[in-house]
There are 2 protein chains.
Amino acid sequence: MTEDSTAARVTPTLEMVAAVAGVSRSTVSRVVNASPRVTPDALKAVTAAIDQLGYVPNRAARSLASRRTFTIALVIPENTAKFFADPYFASVVQGVAMYLSGTDYTLTLIIASEAEPEKTRRYLQGGNVDGALILSHHRDDRSYVQLARSLPVVFGGRPMSQEGEENFIVDVDNVAASTVATRYLLDHGRRRLATIAGPQNMAAGIDRVEGWRAALAEAGLHSDLLEEGDFTPEGGAAAMERLLARGEPFDGVFIASAQMASGALGALRSHGLSVPADVAITSMDNDYFAKNATPPLTTIDQPAGVQGTKIAEVLVRLINGEEVEKLTLIPTELVERDSV
Amino acid sequence: MTEDSTAARVTPTLEMVAAVAGVSRSTVSRVVNASPRVTPDALKAVTAAIDQLGYVPNRAARSLASRRTFTIALVIPENTAKFFADPYFASVVQGVAMYLSGTDYTLTLIIASEAEPEKTRRYLQGGNVDGALILSHHRDDRSYVQLARSLPVVFGGRPMSQEGEENFIVDVDNVAASTVATRYLLDHGRRRLATIAGPQNMAAGIDRVEGWRAALAEAGLHSDLLEEGDFTPEGGAAAMERLLARGEPFDGVFIASAQMASGALGALRSHGLSVPADVAITSMDNDYFAKNATPPLTTIDQPAGVQGTKIAEVLVRLINGEEVEKLTLIPTELVERDSV
DNA sequence: GTGAAAGCGCTAACAC
DNA sequence: GTGTTAGCGCTTTCAC
């Protein structure tokens with residue numbers, strides 16, 4: 001099975017398969033590409049030859065001839081460290097990779113160099129990939145929105161562009177999720193609510209504030225107790241400090257990410273405030289931070305793996321010319337723990 | 001700059017560059033491949049043409065003609081979730097990606113399907129990549145060791161193979177690191193030491209036990225208080241429970257990963273034991289888990305990003321036929337916090 | 001349904 | 001130093 005005494009130590013080509021199977025290269029190609037126009041006999045012979053030789057198509061040749069690359073780019077921001085430090089992105093990447101492993105597509109990670117954005121753009125537009133995935137949680141994705149005009153592109157998370165209408169987006173329903181999380185606070189008797197928001201130049205940041213306000217409004221309430229963080233534990237701690245420094249009492253906080261919540265918890269603790277006795281907390285992200293905080297956080301689970309799978313699926317369908325909805329929303333779920 | 005009125009909306013080819021620059025395709029190719037055998041004049045003309053046209057080489061064609069793919073595979077285990085959940089791997093991937101972004105190589109993630117290991121092997125051996133990176137922290141990497149016979153392969157972490165001698169490995173010095181961590185416990189007056197080890201079918205797991213024993217031996221001590229975990233928080237908690245259930249007192253524990261330590265901390269707490277008063281702890285991994293544990297852990301920092309960079313660098317040099325040492329060791333460092 | 005022929009865009013000898 | 005000539009291994013019309 002591993003030791004072919006007959007075959008030389010050479011990478012088998014399609015031509016060799018054709019010879020062994022006793023058919024033309026065209027037929028082998030048809031089999032490899034699952035064309036229906038092949039007789040069962042020919043199919044069998046070719047399949048056998050492929051197995052015998054251990055043939056694997058050469059991507060480069062295939063790609064050159066077909067003008068498809070079978071590769072999908074996952075564009076990640078230059079600040080790779082921060083990117084991967086976020087379990088959310090890691091899970092999304094995982095979902096993407098898993099989905100793609102079941103297809104002919106290959107995933108390539110490309111780092112968007114902020115120093116030479118042109119380089120990235122050209123590479124992507126230069127026919128080196130069949131499509132691109134943009135995990136969009138950052139500042140200015142306008143350049144990628146432009147990219148979408150010449151290449152199938154799917155955004156994970158709504159991009160902050162002027163002309164947003166025409167993009168393919170896979171996202172969680174941030175407004176609904178944060179409304180639910182805030183309502184939970186209200187339903188548990190908290191009235192003086194605050195929020196630690198995400199960056200207000202990101203869609204996720206903005207939408208989550210919107211949900212918070214919406215739930216408040218439903219209850220006939222209003223609050224100005226908003227401080228902004230950068231989705232990191234440190235940012236969350238600092239935001240909580242600022243909230244406390246205001247001197248206005250609050251008994252419930254919706255925090256836009258579990259990482260920020262974990263930081264905020266520390267700040268609360270250092271001020272001698274206890275959760276949930278003094279302050280109740282709900283947050284987004286059902287990740288390690290949420291599960292292992294003290295106390296464990298009541299939070300919104302946004303299945304990142306599912307989002308990864310979906311975003312990849314949408315892109316593949318887009319590439320294949322299938323019909324795809326512009327917006328795919330991933331449902332979220334509230335997970336009750338001990339922070340309320 | 002973006003709107004070329006003259007050029008049609010077509011991907012520019014090398015031939016078009018040649019025409020614009022008034023030279024032959026060969027010359028353009030030489031420029032693209034940074035050959036020294038080009039006159040300054042020609043170089044200038046070609047460079048200008050490339051800029052003007054926004055030319056990007058077609059990888060497929062390049063690869064087909066040169067028989068190099070300019071892609072490097074990062075093989076990750078099927079259990080992608082667990083993989084990315086570990087900040088260590090995430091950082092290594094990041095290091096790899098960063099290093100590669102400065103080269104002509106592209107990184108592709110390939111998921112090793114345990115169901116069809118042949119599929120992975122064939123793909124890798126089928127000439128679709130120039131080399132492979134195996135982040136080896138798992139069970140049985142023998143198949144990859146075989147792979148190394150037909151493809152440049154570098155292992156991140158020592159693989160558990162019979163024939164290990166001939167592999168290229170980039171690793172942290174686990175024995176030295178765990179010796180230092182254990183010695184630290186001894187130097188702080190702890191005498192009855194235990195350890196929560198990593199899986200004993202992984203090199204990192206084994207080596208860290210070896211270091212623990214070595215430090216103990218130095219001090220003329222010995223201990224049988226060893227329980228094995230799987231590097232996860234849950235595994236660490238369970239191992240600590242078993243340790244406590246033994247009924248033999250201990251006042252210091254070396255834990256083979258920060259994730260396990262964070263779990264163990266919870267177990268200790270639930271038994272009313274305080275750290276470091278009752279039990280002192282040192283561990284490996286200076287990650288989020290170590291920094292944010294209560295109390296923050298005194299731990300060994302193994303710079304995962306550096307390892308990622310190194311492993312990629314070694315592979316690229318290997319591919320380029322440069323001379324490379326078989327074993328590259330990454331130095332580690334003890335970080336003092338509050339768990340001792 | 002199957003084969004023959006013509007490239008895909010580039011690199012790599014080889015002459016000049 | 002530069003151009004010419006062949007392909008790299010595959011897909012893809014187009015006849016049959």
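Keep in mind that the numbers below use all heavy atoms, side chains included, and drop hydrogens, waters and symmetry copies.
- The side chain to side chain contact (heavy atoms under 4.5 Å, CB included) test applied to A:V56 returns B:R122, B:N128, not counting sequence neighbours.
- Among pairs with a residue in residues 28-49 of chain A, none fulfils salt bridge (Lys or Arg N to Asp or Glu O under 4.0 Å), at least two apart in sequence or across chains.
- Considering only residues two or more places apart in sequence or on other chains, B:D104 meets the side-chain hydrogen bond (donor to acceptor under 3.5 Å, both in side chains) condition with none of them.
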Classify every nucleotide of nucleotides 8-16 of chain D by which part a protein heavy atom approaches to under 4.0 Å, writing B for the base, S for the sugar-phosphate alone and - for neither, in 5'-to-3' order. BBBBB----
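- Listed by chain and residue number, A:E313, A:E322, A:V324, A:E325 satisfy the side chain to side chain contact (heavy atoms under 4.5 Å, CB included) test with A:R317 (two or more places apart in sequence, or in another chain).
- Remark: P of C:dC10 and CG of B:D104 are 14 Å apart, rounded to the nearest angstrom.
- Between A:S24 and the phosphate of C:dA4, there is no side-chain N or O to OP1/OP2 separation shorter than 4.0 Å.
- If you take CG of A:D41 and P of C:dG3, they are 12 Å apart, rounded to a whole angstrom.
- For the side chain to side chain contact (heavy atoms under 4.5 Å, CB included) test, residues two or more places apart in sequence or in another chain that qualify with A:A61 are A:N58, B:L64.
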